[in-house]
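First the proteins, then the strands, lettered A, B, ... as listed; each starts at 1.
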There are 2 protein chains.
Amino acid sequence: MMDLFDTLTRSGLSEKAAKALSKIPHKQVQVDPRRPFREPGHDRDEVIFIQTGLLAKYKPDGSGRRQIVALRFPGEGILPAKGKAPYGIQAITKADLMVGQASDLEPILEEYPEIANFFYKLAERQQAIGYEWLVNCGRRDSMARVAHLLCETAERMKVDPAKEAMRNPFTQQQIADITGQTSVNVNRVFADLERQGVIRRDGRLVHFEEFDELRRIASFQPDYLS
Amino acid sequence: MMDLFDTLTRSGLSEKAAKALSKIPHKQVQVDPRRPFREPGHDRDEVIFIQTGLLAKYKPDGSGRRQIVALRFPGEGILPAKGKAPYGIQAITKADLMVGQASDLEPILEEYPEIANFFYKLAERQQAIGYEWLVNCGRRDSMARVAHLLCETAERMKVDPAKEAMRNPFTQQQIADITGQTSVNVNRVFADLERQGVIRRDGRLVHFEEFDELRRIASFQPDYLS
DNA sequence: CGGTTGTTTGAACTGATTCAATCTGTGTGG
DNA sequence: CCACACAGATTGAATCAGTTCAAACAACCG
C-alpha cells in the first residue's frame, strides 16, 4: 500500500510540506471496479490519492460507448480544480483511496508555495502521457496500441518485464475503452501477440517473453513517463 | 494582435502580477508555417505567448507519420518545464510570438504565487481539451472528428458561426494529423459535409450553413473549453 | 448450482487506407 | 505576361483493418 508521506518526499517535496499535505483531513474510501465512483459532471472539489488499485477517468462519447482518457496508479492522485469535471471516475481494480476536501488543501497551498510547483510537475507528467495516448489512438495500428498500453502499464506498475510477469489489471473491454477499439478486436490482438511468442498469458498474468520485440511493435519510448 | 497584459488581466490575474509577467525580457519572433520551430526533444526552457497565428505541438509516431497533440491560438501560450519536451512545435499559420526565458520567469513566480495558480488553471484547460481530443480520435467516426475540430476551432478563434464564415487555418493534411486520418479521407469528409449542406466552402473560407447540425454530427459540447 | 462477467471464435460487412493520377491555385523568375 | 514549379485538393480503384452481430465457452462467486 502506497504511503502518501513517503510518496511525496520521494518525489522531492520537503518533509515539512509533505507532512502538512498528508495531515489534511480525509476519509479512507474503498472503490469497487465497474461501479462508477464519480459521474461525469461531478464537482472537482476533492483531492484524491491512490494507495492501492487503479482508477480511470472516462468520458462518454454521445452514443453508448466511452473512452478512458487517463489512468491513475498507486502513488498518483487526482487534483481539484474550479468547476465541474467533464469526465467521470471509475475503478479498474478494487482501489483504496484517500479523499480530502479542496477547501482543506488551499491554506496549505498558500503556506507552502513549493506544493503548487510540485502539483504543476505532476500535471506536466500526466499531460505528457495524454499526448502519448493521442499518438497511440491517432497513429498506431491496433496491435501497436495494445502493445503500447502493456509497455506503459508495466512501467507504471514498476514491473520489471525481464524478471517478472505482470498481473494484467484490465478486462479486454477496458483495454478497448483505452485504445479506442472493440473488445472483440482486442481479443484478436492478444491472441496474435501470443501466437507470435511476444507474450504468454496465464489467466490474468502476462509474461513478457520478448519485451524488446513488444517495445518495437509499440514503438514505446519510455522517456515521456519520467 | 493579442496583447499579453490585456490577456492576463482579462483572465483574472491582478494588474501587478500581469505587469510583472509582461515585462519579462523577451524577443519577438515570427514563425513561418511548415518550417519546424522547435524539434521534438528541445529544451523546455522557454515561455511562449502567441500574439497572432496558430501553433501546433506534434509528435512523430516512429514511422513517417505524425500526430498533432495540441494547438495554441492567439492569447494562449506554451509554458516551460524541467527537461526536454517529447514534442515538437510548428506553426500552422504564420505566427507572431513572444519568447522569453524560463530563468526570467522563476523569480516572478516566487514573487507572485497567484501566477503559479493561474498557470495551473491554464494547464487544466489544455488538459480538458486533450481529453476531448482523445475521445475524438478513439471513439468518433471520421466525419464526427472533422466536424468536432471545426466546432472547436470556431469556438477557440471566437468566430460566431451564426453570423460569420471562418477562415479555415488548416490544410487537409494538418486536419488529418490532428484527427488521426489520411488527408485523402479528410477531403472526402469535407465533400460529404458540403454535399449534406452543413457547411459551404469558398476557398479557405468555411460557411457554417447549419451549425446545429454540425454540432450534432460532432457531438460537440463546448463546456470543456471554458 | 445458477447467475454474472469476461473471453473466444466465425462470418459478413464497411469505413478508411493506399497508391496513383489529375486538377487547381499561387507564387516566381525570365 | 507567360511558363514553370510546387503545394494542396480532388478523384478512382483496389485492398484491408477493424467493426458488428451472434453465439459459444470459461471462470468466478455467493
Going by salt bridge (charged side-chain N to carboxylate O under 4.0 Å, His left out), name the residues that satisfy it together with B:Arg167, two or more places apart in sequence or in a different chain.
none
Can you list the residues that meet the salt bridge (charged side-chain N to carboxylate O under 4.0 Å, His left out) rule with A:Asp43, with sequence neighbours excluded?
A:Lys84
Heavy-atom contact window of chain A on DNA chain C, given 5' to 3' at under 4.0 Å
C:dT5 to C:dA11
Rounded to the nearest 0.5 Å, how far apart are [atom1] of [X] and [atom2] of [Y]?
X	Y	atom1	atom2	value
B:Leu134	A:Cys137	CG	SG	5.5 Å
A:Leu150	A:Met166	CG	CE	5.0 Å
A:Arg195	A:Arg188	CZ	CZ	11.0 Å
A:Asp202	A:Asn168	CG	CG	12.5 Å
A:Glu76	A:Leu54	CD	CG	9.0 Å

Assign A:Arg188 to base, sugar-phosphate, or nothing according to its heavy-atom contacts below 4.0 angstrom with the strands shown.
base
How do B:Gln181 and A:Gln174 order along DNA chain C: which one's closest nucleotide is nearer the 5' end?
A:Gln174
Among all residues two or more places apart in sequence or in another chain, which pass the side-chain contact (heavy atoms from CB on, under 4.5 Å) test with [X]?
X	value
B:Arg35	B:Asp32
A:Leu225	A:Arg125, A:Ile129, A:Glu152, A:Glu155, A:Arg156, A:Phe220
A:Leu79	A:Val47, A:Phe119, B:Tyr120
A:Gln221	A:Asp223

Can you tell me the distance, in whole Å, between the CD1 atom of B:Ile175 and the P atom of D:dG8?
12 Å
To the nearest Å, how far apart are B:Asn185 CG and D:dT15 P?
19 Å
Say whether, by atom type as modelled, one donor and one acceptor occur between the side chain of B:Gln174 and the main chain of B:Thr171 under 3.5 angstrom.
yes
Kindly determine whether A:Lys82 and B:Glu124 satisfy salt bridge (charged side-chain N to carboxylate O under 4.0 Å, His left out), including the steps that lead there.
CA-CA 9 Å; A:Lys82 286 274 166 295; B:Glu124 281 296 334; over 6 Å; no
So does B:Asp177 pair up with A:Arg139, basic N to acidic O under 4.0 Å?
yes
Scan nucleotides 22-30 of chain D nucleotide by nucleotide, 5' to 3', and note B when protein non-hydrogen atoms come under 4.0 Å of the base, S if they reach only the sugar-phosphate, - if neither.
---------
Here the residues of residues 131-143 of chain B within 4.0 Å heavy-atom distance, strictly under, of DNA chain C are B:Asp141, B:Ser142
Can you see whether B:Glu132 engages B:His148 through a side-chain donor-acceptor pair at a distance of less than 3.5 angstrom?
yes
Go through the side-chain N and O atoms of A:Gln196 and A:Glu213 and say whether any donor and acceptor fall under 3.5 Å apart.
no
Can you find a heavy atom in the side chain of B:Glu46 that is under 4.5 Å from one in the side chain of B:Ile78?
no
Which residues, if any, of residues 190-201 of chain A bring a heavy atom under 4.0 Å of DNA chain D?
none
In short, the helix from C:dC1-D:dG30 to C:dG30-D:dC1 is bent end to end, axes from five pairs each side, to 10°, by 40°
Cation-pi check, A:Lys59 onto A:Tyr87 ring (under 6.0 Å, within 45° of axis)
no
Under-4.0 Å side-chain N/O to phosphate OP1/OP2 contact, B:Asn187 with D:dA9
no
Atom pairs, protein N/O to nucleotides 4-6 of chain D N/O, distance under 3.5 Å:
none

